[in-house]
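What follows is a short report on a single structure.
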Amino acid sequence: MSKLYGLVGYPVGHSLSPIMHNDAFQRLKINSYYHAFHIEPNQFSKAVEGLKALGVSGFNVTIPYKVDIMPLLDEVDSLAQAIGAVNTVVNDNGRYIGYNTDGQGYVASLVQALENDSLENKRILIIGAGGAAKAIFYTLAVHSQKPVEISICNRTVEKAELLIKHCPTHVPSFALSVQEAEEQLERFDVVINTTSVGMSPNIEETPLNLDLLKPGALVSDIIYNPFETKLLASAKAKGAQTHNGIGMFVLQGALAFEKWTGMFPNQQAMEAIVRDSLKKG
Ligand code: ATR
């Protein structure tokens, strides 16, 4: 029997998840379909009850529902609980279990970008202290290649302090203002932007001045529209290695797909279809 998967969010019209997952189902000859459900906020819990009653096999959750979904599930795994957000739900024999593959998708993509290098011995600076920063910070903090330092800079420093305070495991971390981060930039091997600063249409904005960037550093941005944000362009101009958010998007999807089907899809094919769709606009 054909299985149904999906995405719940508001809005979902521009999501590339359906095209990416449906292509992977076809390639692997899996008789399943992925549909994006645009759900109005006042209908959210009813809609989730409906999906459960229909017995859908799994679904992704996007903005603004990654937190609201949690009490509606039968179980939430420990990393998703620490992050405080769920982006992937699996129907396990009628029990709906929540996971977070955003942080894992990002970190797997970062590890690929580091090639033969390791996260261990790296000093990492995360820019931003919102939901995406939390998923990436906590996933890095529990990673087997634990970095030497993971510091956070944010426009609102108190939010960076709270993230550090509630981290599930100890990693040396400092909460920095943007100015402090710019002054201390030479210390960091990896700089990760998790804010929306620089995202289309505000492509002239940049979250941090990279004047003091360490030679050989890697600068990463979770944004993938544009492919190269102003932050990445200025990092490249300084000779730094750069890494954008396409890999995170593809791998969070691939990890969800694996949880649903037990099969890991072709990452290159997924990335190609996402790149093509972005080019077409
Ligand atoms: P997400 O879930 O995508 O991470 P979020 O939880 O709203 O979104 O967090 C947005 C992050 O981007 C925050 O760190 C926010 O800074 P504040 O905590 O000070 O609000 C940061 N951010 C958003 N717009 C920004 C801007 N124009 N300048 C600097 N930081 C910005």
Side-chain angles (χ1 to χ4, degrees), residues 7-12 14-17 41 44 60-70 76 79-88 98-107 109-110 124-141 150-167 173-183 185 188 191-210 219-226 229-232 234-235 243-249 251-253 256:
L7 169 69
V8 296
Y10 173 81
V12 293
H14 293 290
S15 172
L16 298 175
S17 292
F44 182 64
N60 285 130
V61 185
T62 190
I63 291 167
Y65 300 131
K66 290 184 185 187
V67 179
D68 296 349
I69 187 71
M70 296 176 75
V76 173
L79 180 60
Q81 248 165 33
I83 293 168
V86 160
N87 80 319
T88 300
Y99 298 90
N100 189 308
T101 68
D102 285 329
Q104 285 168 319
Y106 175 79
V107 174
S109 169
L110 180 64
I124 298 181
L125 174 68
I126 294 176
I127 310 168
K134 195 171 179 183
I136 290 171
F137 178 33
Y138 291 178
T139 307
L140 282 168
I150 311 173
S151 287
I152 304 181
C153 83
N154 196 41
R155 177 174 66 177
T156 318
V157 186
E158 296 74 30
K159 278 170 74 179
E161 283 166 358
L162 280 176
L163 237 59
I164 290 169
K165 190 172 158 201
H166 294 118
C167 183
S173 303
F174 301 92
L176 306 171
S177 66
V178 173
Q179 192 189 336
E180 285 168 334
E182 287 174 348
E183 286 164 3
L185 204 54
F188 296 102
V191 176
I192 306 167
N193 175 42
T194 69
T195 75
S196 53
V197 180
M199 191 189 288
S200 181
N202 303 315
I203 58 170
E204 286 308 317
E205 292 177 4
T206 178
L208 196 78
N209 181 312
L210 297 180
V219 179
S220 171
D221 201 322
I222 68 165
I223 295 170
Y224 54 84
N225 186 13
T229 55
K230 190 164 184 189
L231 181 78
L232 294 189
S234 64
H243 170 247
N244 72 14
I246 289 220
M248 174 184 183
F249 175 69
L251 282 167
Q252 64 74 31

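Note that ligands are numbered from 1 as they come in the structure, with each ligand's atoms numbered from 1 the same way. The structure presented is a predicted model; accordingly, all values stated were derived computationally and were not measured.
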Practice task
Could you tell me the separation between the CD1 atom of Ile222 and the CG atom of Asn244, rounded to the nearest 0.5 Å?
Solution key: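 Reported to 0.5 Å precision, the distance equals 11.0 Å.
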Problem - With sequence neighbours excluded, residues passing salt bridge (Lys or Arg N to Asp or Glu O under 4.0 Å) with Lys134 - result: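 Testing Lys134 for salt bridge (Lys or Arg N to Asp or Glu O under 4.0 Å), a comparison that skips the adjacent residues, returns none.
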Could you go through residues 62-70 and list every donor-acceptor pair under 3.5 Å that involves a side-chain atom there, pairing it with any protein atom two or more places apart or in another chain?
{"from": "Tyr65", "atom 1": "OH", "to": "Ile39", "atom 2": "O", "distance (Å)": "2.4"}
{"from": "Lys66", "atom 1": "NZ", "to": "Asp102", "atom 2": "OD2", "distance (Å)": "2.8"}

Practice task
Return yes if a side-chain donor-acceptor contact under 3.5 Å exists between Tyr106 and Thr194, otherwise no.
Solution key: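 Per modelled atom types, Tyr106 and Thr194 side chains form no pair under 3.5 Å.
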Exercise for the section: Could you note down all residue pairs passing salt bridge (charged side-chain N to carboxylate O under 4.0 Å, His left out) where residues 197-208 supplies at least one of them, sequence neighbours left out? Expected result: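 Sorted pair list: Glu204-Lys230.
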Practice task
Check step by step if side-chain contact (heavy atoms from CB on, under 4.5 Å) holds for Phe174 and Ile164.
Solution key: CA-CA 8 Å; Phe174 301 92; Ile164 290 169; 5.6 Å; no
Exercise for the section: Could you pull out every protein residue that has a heavy atom closer than 4.0 Å to ligand 1, ordered by chain and then number? Expected result: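 Shell around ligand 1 (4.0 Å, heavy atoms): Gly128, Ala129, Gly130, Gly131, Ala132, Asn154, Arg155, Thr156, Lys159, Thr195, Val197.
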